[in-house]
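What follows is a short report on a single structure.
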Amino acid sequence: MTFQDQIKQGIPSELPSKKTYEKAINHAPKRIDILSNEEKELAIRNALRYFDKKHHTVLAKEFAEELKEYGRIYMYRFRPDYQFYARPINEYPGNSVQAKAIMHMIQNNLDEAVAQHPHELITYGGNGAVFQNWAQYLLTMKYLSEMNNEQTLIMYSGHPMGLFPSNTNAPRVVVTNGMMIPNYSKQNDWEKYNAMGVTQYGQMTAGSYMYIGPQGIVHGTTITVLNAGRKIAKNGEPLAGKLFLTSGLGGMSGAQPKAGNIAGCITICAEVNPKITEIRLSQGWIDEKISDLNELAARVKIAKENKEVVSIAFLGNIVEVWEKFAEENVYVDLGSDQTSLHNPWAGGYYPAGISFEESNVMMVENPALFKEKVQESLRRQVLAINKHTAKGTYFFDYGNAFLLEASRAGADVMAKNGIDFKYPSYVQDIMGPMCFDYGFGPFRWVCTSANPSDLEKTDAIACEVLEAIRKNSPTEIQQQMTDNIQWIKGAQENKLVVGSQARILYADAEGRMKIAEAFNNAIKNGEISQPVVLGRDHHDVSGTDSPYRETSNIYDGSKFTADMAIQNVIGDSFRGATWVSIHNGGGVGWGEVINGGFGMVLDGSLEAEKRLKSMLFWDVNNGIARRNWARNEGAVFAIKRAMEVEPNLKVTLPNLVDDQILKDLF
Ligand SMILES: NC(=O)c1ccc[n+]([C@@H]2O[C@H](COP(=O)([O-])OP(=O)(O)OC[C@H]3O[C@@H](n4cnc5c(N)ncnc54)[C@H](O)[C@@H]3O)[C@@H](O)[C@H]2O)c1
């Protein structure tokens, strides 16, 4: 059967043969056994809803086995045999170009070269799911292949509720992931309701079909490392010869070594998982691999002496590296951590002193002991980091809940006031005040022709647009503009594509709108051969309310509210987004963040031009308006500028209060 016919078929009426569990694939860790027997029955009943009654006896037994063996029902048997990758848009069956573009994006999120646990439909972050099971995937693709531009597909945490009549200007797909009644949003609630098959953790770009491989994060990480370097520079000197120590070579964290190379420092990145380390080596995302601590210490000393620009993976636990470097007096200039501490008890963080394999068993068989080990390891890690920072290391939290979980483990990370952490998050110090408050965020696009030459053309167009904008940019954003132009100029040479022909580029509202308009014109006149999908990471100016990350530099008390993210996605949906998504969880953890995003298909039409102008302006300025109301200086500046450009924009500005007035009031 052709690929097209398989897509159109949806869930096959006859059972496909059983699949063998492919050991070479990076599989999701076994999840904890959390359901009571009654709830397990419910999970099986729920799973069987997708299938004809005649298959229930066979499948009930099989799904019960999966639940027992893996803690979830993935329905492995139904995973199609065709290869998953972002095929050229014309290869997808269907009646709607917009729907085909979405299929292109979904396929990319499940590509074995892109996804972290492709057979469990997990794209990144250990639990960032596109779907909960293969039946949902098959049914969704079938709906997309059938739908027209007067219908909207409704997605509930991976489950396609169905196609509903709408209109041509409505989104083609509306996605919600992990939305819970607030009181049911604890870590174990995810375990329980995900195992029952009624919710999923969509992360940010996994469940919203907007993941573009580690490139998506390389740019943001480069900006972070570059600016962290500017922070520690004594006389504006570059990062050459300075050491950046961190951990994780996974979905996002894998971008760190590449970003370190682009920023021009020595990067050491510890990773416990040998398979992942090999993948990153083979992709050229790290230069060298070392498994021995003594060898590592010796190697880094040479790299420092020679001021090498090099990235080295340490195959082992990050805790040991911090400790070893403290012992050997290896000075660390910049330090961070990117283990997946948003998911601490289920494989996000591997404790020191126990092997990778032992940990994988312990987290399932003895979760209480595993939790103790994780917390003990975090205390050890912080103890070692504190020794380094006492000597001058600039350590920052990378939005992975490191400081949050370390504090919960009783590690010494609290500031003197007992409320704040003693180290900043990268958003508080860097991304918030330097990027988000001015509207700069992770704009991205994907060429659905899957043709690298289209991507090359878009890079050139984007560069031209930014250079023109820079000429009239105010001083406040000149550095940003320069960094982003440099990034797009080097993008081809840095070979950043893994998966779809995609590009990330930090840009503000003006940049995003002008680049998008130029793309739409290039599609119209045939310079670009097929539609381009616009989108962004949820980790952006307006998309995400997350008190320990994206909105950690909001200081008016509103960082624990989530109005911005919800407003954003509602606003995007009626201003022309092709699809919108809103998620609970992502990055810092279930219950700790609400994040939303969009996708927009540009097809060269006048309608697309209208949509992009209306939606992109809102999508960025909503967040700037909120940041302005929180009295963030850069945002007040940026929203005033936006109001000058767009007379229909009228935003409430804050009045600043003199400190003297508040003195002695209470
Ligand atoms: N890169 C960014 O810009 C960014 C931004 C915000 C948040 N984050 C956060 O960073 C974290 C990592 O994201 P990811 O997609 O790479 O997750 P991931 O799960 O794919 O990768 C994390 C890696 O850390 C490794 N690891 C775990 N414990 C370790 C230890 N003690 N020593 C060495 N290696 C260890 C794991 O084996 C895994 O490969 C997440 O919590 C994410 O939310 C990243």
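Indexing begins at 1, ligand by ligand and atom by atom, following the structure's order.
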Give the residue, atom name and distance (to 0.1 Å) of the protein heavy atom nearest atom 37 (O) of ligand 1. E271 OE2, 2.5 Å
Nearest protein heavy atom with distance in Å, relative to atom 14 (P) of ligand 1: M252 N, 3.4 Å
Nearest neighbour of atom 3 (O) of ligand 1 from the list I217, I354, N26, on a heavy-atom basis: I217
Counting each atom of ligand 1 from 1 as listed, which ones have a heavy atom of G348 under 4.0 Å away? 27 (C), 28 (N)
Any nitrogen or oxygen of Y350, main chain or side chain, under 3.5 Å from a nitrogen or oxygen of ligand 1? yes
For atom 40 (C) of ligand 1, find the nearest protein heavy atom and state the residue, atom name and distance (0.1 Å precision). H342 ND1, 3.4 Å
Which is it for Q256 and ligand 1 at heavy atoms under 4.0 Å: side chain, backbone, both or neither? neither
Could you find the nearest protein heavy atom to atom 9 (C) of ligand 1 and give me its residue, atom name and distance? N400 CB, 3.6 Å
Give me the nearest non-hydrogen protein atom to atom 44 (C) of ligand 1 as residue plus atom name, then the distance to 0.1 Å. Q338 OE1, 3.3 Å
Out of F402, F395, Y398, which residue meets the ring pair (Phe, Tyr, Trp, His ring centres under 6.0 Å) rule with Y423? F395
Once rounded to the nearest 0.5 Å, what's the spacing between atom OH of Y70 and atom CD of E120? 8.0 Å
Filtering S340, G589, A401 for the heavy atom nearest atom 13 (O) of ligand 1 leaves S340
Checking E278 now: which residues fulfil side-chain hydrogen bond (donor to acceptor under 3.5 Å, both in side chains) with it, not counting sequence neighbours? K289
Do me a favour and list the nearest non-hydrogen protein atom to atom 24 (O) of ligand 1 with residue, atom name and distance? G248 CA, 3.6 Å
State which residues pass side-chain hydrogen bond (donor to acceptor under 3.5 Å, both in side chains) with H538; sequence neighbours excluded, sorted by chain then number. S208, S581, N595
Judged by heavy atoms only, the candidate from I318, T339, N317 nearest atom 35 (C) of ligand 1 is T339
cation_pi(R72, W190) dist<6.0 Å, angle<=45: yes
Could you walk me through whether R31 and N127 pass side-chain hydrogen bond (donor to acceptor under 3.5 Å, both in side chains), step by step? CA-CA 10 Å; R31 309 297 185 185; N127 52 7; over 6 Å; no
